[in-house]
Amino acid sequence: MENKVRVRFAPSPTGPLHIGGVRTALFNYLFARQNGGTMILRIEDTDSNRFVPGAEDYINEALQWLGIGIDEGVREGGNFGPYKQSERRDIYRKYVKQLLDNGKAYIAFDTPEELDTKRKEVANFQYDASTRMSMRNSLSLPKEEVDRLIAAGEKYVVRILVEPNRDVLVNDLIRGEVTINSSVIDDKVLYKSADDLPTYHLANIVDDHLMEVTHVIRGEEWLPSAPLHVLLYEAFGWKDTMPQFVHLPLLLKPDGKGKLSKRDGDRLGFPVFPLEWHDPVTGDISSGYRERGYLPQAVVNFLALLGWNPGTDQEIFSMEELIKAFSFEHCSKKGAKFDFEKGKWFNHEYLMNMDDAELAEIFKPELAKHGIDASQFSDDYIARAVGMIKSRINFVGDIWDNAKFFFQAPTEYAPKDIKKRWKEDTPETMRLLIEVIKGIDDMTSANAEAIVLGWIKDNELHLGNVMNAFRLTVVGECKGPHMFDIAELMGKDEIIARIERGIENIKPIVE
RNA sequence: GGUGGUAUCGUCUAGUGGCCCAGGACGCUGGCCUCUCACGCCGGAAACCGGGGUUCGACUCCCCGUACCACUACCA
């Protein structure tokens with residue numbers, strides 16, 4: 001099909017995929033799916049110095065966890081491969097030669113050291129039309145000298161030849177037209193001598209062209225180099241098939257200024273990576289959303305609303321709904337400060353709306369972590385237990401703290417609650433309560449409640465004191481679900497046993 | 001320093017000249033519900049960066065200023 005949407009997410013395997021990168025991937029994915037297009041995952045490993053083992057696997061695993069599907073890529077294959085730039089050397093060489101032959105680029109012999117000193121000597125030094133003739137390159141040097149240097153094995157780079165004083169127009173789908181004068185664009189290195197690979201700029205344009213990418217959706221940090229990319233499309237004669245540009249606003253630090261970085265997560269106590277990452281070099285461990293107990297749907301939903309809005313009051317979106325509702329018109333131009341509190345709320349919402357049985361399955365490993373053999377309890381028991389506490393948690397990891405009493409009798413009782421609810425005469429009341437409960441045949445919540453509350457009323461006891469003392473013996477503290485729902489689930493024998501233990505172990509606190 | 005981008009409650013944002021003495025959500029907060037903690041429900045505080053224009057009328061358009069962000073590598 002002609003004009004079929006093709007987008008790519010093109011991360012560098014230089015470490016764990018950053019949450020901002022995840023957002024970029026997500027928007028690419030949403031746009032692709034919405035238009036029945038293709039989502040490409042291209043690995044941009046043209047910086048051999050920064051390559052990190054494991055990073056590529058991490059990217060794949062993270063996207064998979066989040067449900068961001070890839071149609072073409074290193075793993076998925078496709079008709080436009082290879083999808084890893086380090087495997088495309090020959091392709092890039094061919095196109096660099098084309099540029100050189102057309103006079104759109106030239107070779108330069110200046111070493112990194114020479115450039116460094118130049119930058120120190122000259123304020124605002126820029127390798128461009130105004131300076132290139134004073135540098136060592138194929139434009140400034142006689143041809144014989146150039147040939148001699150090459151023959152002598154001198155290292156050189158290829159630079160784009162930027163014509164000065166021309167307005168370069170970039171059309172961006174969320175920012176409109178951006179114009180930049182070519183005089184402020186430098187003769188960027190297209191091909192590096194250091195590792196015999198192209199730079200991002202060249203590889204990016206060649207690959208997007210060859211892979212027939214229709215929309216380049218990337219972070220705002222690329223906006224300044226977009227004009228250079230336009231110039232490159234022109235130099236290759238590909239202007240008419242140039243993709244649409246879309247520069248997404250950045251994810252910023254929650255406090256202070258600047259874009260969200262790895263350090264912010266450590267500093268503020270929240271993950272900036274989707275998955276936990278073990279750095280192979282330093283051995284450092286960075287926390288991930290998955291390991292923190294986030295649901296992938298919640299992370300996706302939260303990220304989608306950072307920099308995009310539906311134009312309505314709806315906030316909870318499934319992936320399918322996002323695909324339907326997404327649009328660049330409703331993308332913000334402004335960087336979004338990362339609000340971890342809102343992220344927690346999203347997770348809370350998803351947890352609360354999750355099916356009890358499904359949540360129970362996620363919770364089972366947590367039980368094991370705390371030394372509980374889940375097989376002692378029926379699936380139904382665990383499901384009903386988590387169902388009762390899910391409205392009061394934000395993370396899967398919070399379930400244990402709130403639900404442990406369902407799986408083990410309390411060994412400690414909250415002093416604050418003892419002080420308030422456990423008086424000298426409480427043990428006697430509890431003994432009477434045991435007798436009342438023993439007499440109940442049907443422990444169904446409503447029935448048991450009617451009987452116990454009736455007994456409290458008939459004997460003119462204090463409802464709050466009795467119920468909270470009761471709760472203290474069963475739960476260990478004065479919080480949690482409805483008492484008679486707990487009683488129904490745990491059963492008469494267990495409840496009575498716990499009250500007895502409470503009578504035995506809880507001593508009034510007097511000051 | 002240069003270039004580009006951006007500018008509405010603390011935060012994410014709605015708003016595309018009159019519907020806005022600015023709406024929603026998170027967070028904060030008062031109350032209700034209630035055996036407790038949550039959930040839920042009802043309420044509250046909280047914003048159009050500043051200055052000039054344009055216009056009958058500007059949060060919305062233009063200019064200037066300011067602030068913030070990004071880029072300014074043989075990194076992506």
Side-chain angles (χ1 to χ4, degrees), chain A residues 10-14 44-47 49-50 85 108 110-112 115-116 119 123-126 155-159 170 172 175 178-181 183-186 188-201 203-204 218-227 247 249-250 252 254-255 257-259 302 305-316 329-330 332-346 348 352 388-393 402 417 420-421 449 452-453 456 462-472 475 477-484:
Chain A
S12 288
T14 55
E44 307 224 326
D45 54 349
T46 54
D47 185 357
N49 297 322
R50 292 205 306 160
Q85 291 185 330
D110 320 273
T111 64
L115 291 168
D116 269 355
R119 290 192 182 100
N124 297 330
F125 173 78
Q126 181 171 288
K155 291 260 188 189
Y156 61 87
V157 299
V158 177
R159 288 181 180 272
V170 177
D172 185 286
R175 284 157 211 285
V178 178
T179 306
I180 291 173
N181 191 285
S183 295
V184 302
I185 303 173
D186 61 338
K188 276 265 180 298
V189 170
L190 262 21
Y191 209 85
K192 301 174 279 179
S193 66
D195 48 11
D196 193 33
L197 277 165
T199 58
Y200 168 85
H201 304 291
N204 180 66
R218 75 231 299 193
E220 190 184 350
E221 70 268 28
W222 292 109
L223 190 55
S225 53
H247 290 95
L250 263 17
L252 273 18
D255 60 348
K257 310 163 184 319
K259 64 177 166 179
F302 171 48
L305 273 292
L306 241 32
W308 171 82
N309 74 81
T312 67
D313 288 344
Q314 185 179 352
E315 297 218 76
I316 301 298
E329 288 76 48
H330 280 286
S332 168
K333 298 182 178 74
K334 191 173 81 168
K337 281 191 184 144
F338 195 80
D339 183 7
F340 189 60
E341 286 303 319
K342 188 114 186 195
K344 272 157 81 168
W345 176 79
F346 272 108
H348 170 80
M352 215 164 63
M388 278 186 227
I389 56 91
K390 67 182 180 182
S391 72
R392 58 207 88 209
I393 54 161
N402 288 276
D417 295 325
K420 187 172 179 193
R421 303 293 189 179
E449 178 173 9
V452 173
L453 261 40
I456 289 171
H462 186 284
L463 179 69
N465 286 346
V466 176
M467 289 305 297
N468 281 295
F470 178 25
R471 177 177 292 279
L472 197 50
V475 178
E477 56 186 321
C478 291
K479 68 173 205 183
H482 195 72
M483 247 344 273
F484 295 99

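Values reported hereafter were calculated over all heavy atoms of this structure, with side chains retained and with hydrogens, waters and symmetry mates removed. Note on naming: letters A, B, ... go to the chains in the order of the sequence lines (proteins, then strands), and numbering restarts at 1 for each one.
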Select one nucleotide: of [options], the one nearest the side-chain heavy atoms of [X].
{"X": "A:Ser391", "options": "B:U36, B:C26, B:A38", "result": "B:A38"}
{"X": "A:Leu306", "options": "B:U13, B:C12, B:A76", "result": "B:C12"}
{"X": "A:Arg471", "options": "B:C75, B:U36, B:U6", "result": "B:U36"}
{"X": "A:Val184", "options": "B:U3, B:A76, B:G4", "result": "B:U3"}
{"X": "A:Leu252", "options": "B:A25, B:C69, B:G40", "result": "B:C69"}
{"X": "A:Met467", "options": "B:U6, B:C35, B:C74", "result": "B:C35"}

Between [N] and [M], how many Å separate the two [atom1] atoms, rounded to a whole number?
{"N": "B:G53", "M": "B:G1", "atom1": "P", "result": "30 Å"}
{"N": "B:C9", "M": "B:C26", "atom1": "C1'", "result": "12 Å"}
{"N": "B:C69", "M": "B:C20", "atom1": "C1'", "result": "29 Å"}
{"N": "B:A46", "M": "B:U54", "atom1": "P", "result": "34 Å"}
{"N": "B:C35", "M": "B:A45", "atom1": "P", "result": "32 Å"}
{"N": "B:G15", "M": "B:U36", "atom1": "C1'", "result": "44 Å"}
{"N": "B:U60", "M": "B:G17", "atom1": "C1'", "result": "7 Å"}
{"N": "B:A7", "M": "B:G50", "atom1": "C1'", "result": "12 Å"}

May I have the distance from [X] (atom [atom1]) to [N] (atom [atom2]), rounded to whole angstrom?
{"X": "A:Phe338", "N": "B:C26", "atom1": "CZ", "atom2": "P", "answer": "17 Å"}
{"X": "A:Asp339", "N": "B:U13", "atom1": "CG", "atom2": "P", "answer": "10 Å"}
{"X": "A:Asp186", "N": "B:U72", "atom1": "CG", "atom2": "P", "answer": "9 Å"}
{"X": "A:Lys342", "N": "B:G24", "atom1": "NZ", "atom2": "P", "answer": "13 Å"}
{"X": "A:Glu221", "N": "B:U6", "atom1": "CD", "atom2": "P", "answer": "16 Å"}
{"X": "A:Glu315", "N": "B:A25", "atom1": "CD", "atom2": "C1'", "answer": "4 Å"}
{"X": "A:Ile180", "N": "B:A70", "atom1": "CD1", "atom2": "C1'", "answer": "12 Å"}
{"X": "A:Tyr200", "N": "B:C75", "atom1": "OH", "atom2": "C1'", "answer": "12 Å"}

N/O (side chain, [X]) to phosphate O (OP1/OP2, [N]) under 4.0 Å:
{"X": "A:Lys192", "N": "B:C75", "answer": "yes"}
{"X": "A:Lys337", "N": "B:U11", "answer": "yes"}
{"X": "A:Lys259", "N": "B:C71", "answer": "yes"}
{"X": "A:Lys334", "N": "B:U8", "answer": "yes"}
{"X": "A:Arg119", "N": "B:C74", "answer": "yes"}
{"X": "A:Ser12", "N": "B:C75", "answer": "no"}
{"X": "A:Asn124", "N": "B:G1", "answer": "no"}
{"X": "A:Arg159", "N": "B:C74", "answer": "yes"}

Side chain to side chain, A:Leu190 and A:Pro198, heavy atoms closer than 4.5 Å: no

Heavy-atom side-chain proximity of A:Trp345 to A:Phe340 below 4.5 angstrom: no

Closest non-hydrogen atom pair, A:Thr46 against A:Ala203: CG2-CB, 4.3 Å

Closest approach of A:Ser332 to A:Lys334 (non-hydrogen atoms, all atoms of both residues): OG-N, 3.0 Å

Which nucleotide, if any, forms a Watson-Crick or G-U wobble pair with [N], using both distances under 3.5 Å?
{"N": "B:C41", "answer": "B:G31"}
{"N": "B:U55", "answer": "none"}
{"N": "B:A76", "answer": "none"}
{"N": "B:C68", "answer": "B:G5"}
{"N": "B:U60", "answer": "none"}
{"N": "B:A47", "answer": "none"}

Side-chain donor/acceptor of A:Thr199 to base of B:C74, under 3.5 Å: no

Check: A:His247/A:Arg218 side-chain N/O donor and acceptor closer than 3.5 Å: yes

A:Glu220/A:Lys333 ion pair, N-O < 4.0 Å: no

Aromatic plane relationship, A:Phe302 with A:Phe346 - under 30° parallel, 30 to 60° tilted, over 60° perpendicular: tilted

Sugar-phosphate, base or nothing in reach of A:Asn49, heavy atoms under 4.0 Å: nothing

Side chain A:Gln314, main chain A:Ile316, donor-acceptor under 3.5 Å: yes

Donor-acceptor contact below 3.5 Å, side chain A:Tyr156 vs main chain A:Ser193: no

Distance, nearest 0.5 Å, that separates CG of A:Leu250 from CG of A:Leu223: 10.5 Å

Residue mapping more 5' on RNA chain B - nearest nucleotide basis, A:Glu341 or A:Leu115: A:Glu341

Position toward the 5' end of RNA chain B (nearest nucleotide), A:Ala336 or A:Pro224: A:Ala336

With 3.5 Å as the limit, what N/O pairs link the protein to nucleotides 16-18 of chain B?
none

Under the side-chain contact (heavy atoms from CB on, under 4.5 Å) test, residues paired with A:Gln126 that sit two or more places apart: A:Asp128, A:Asp186

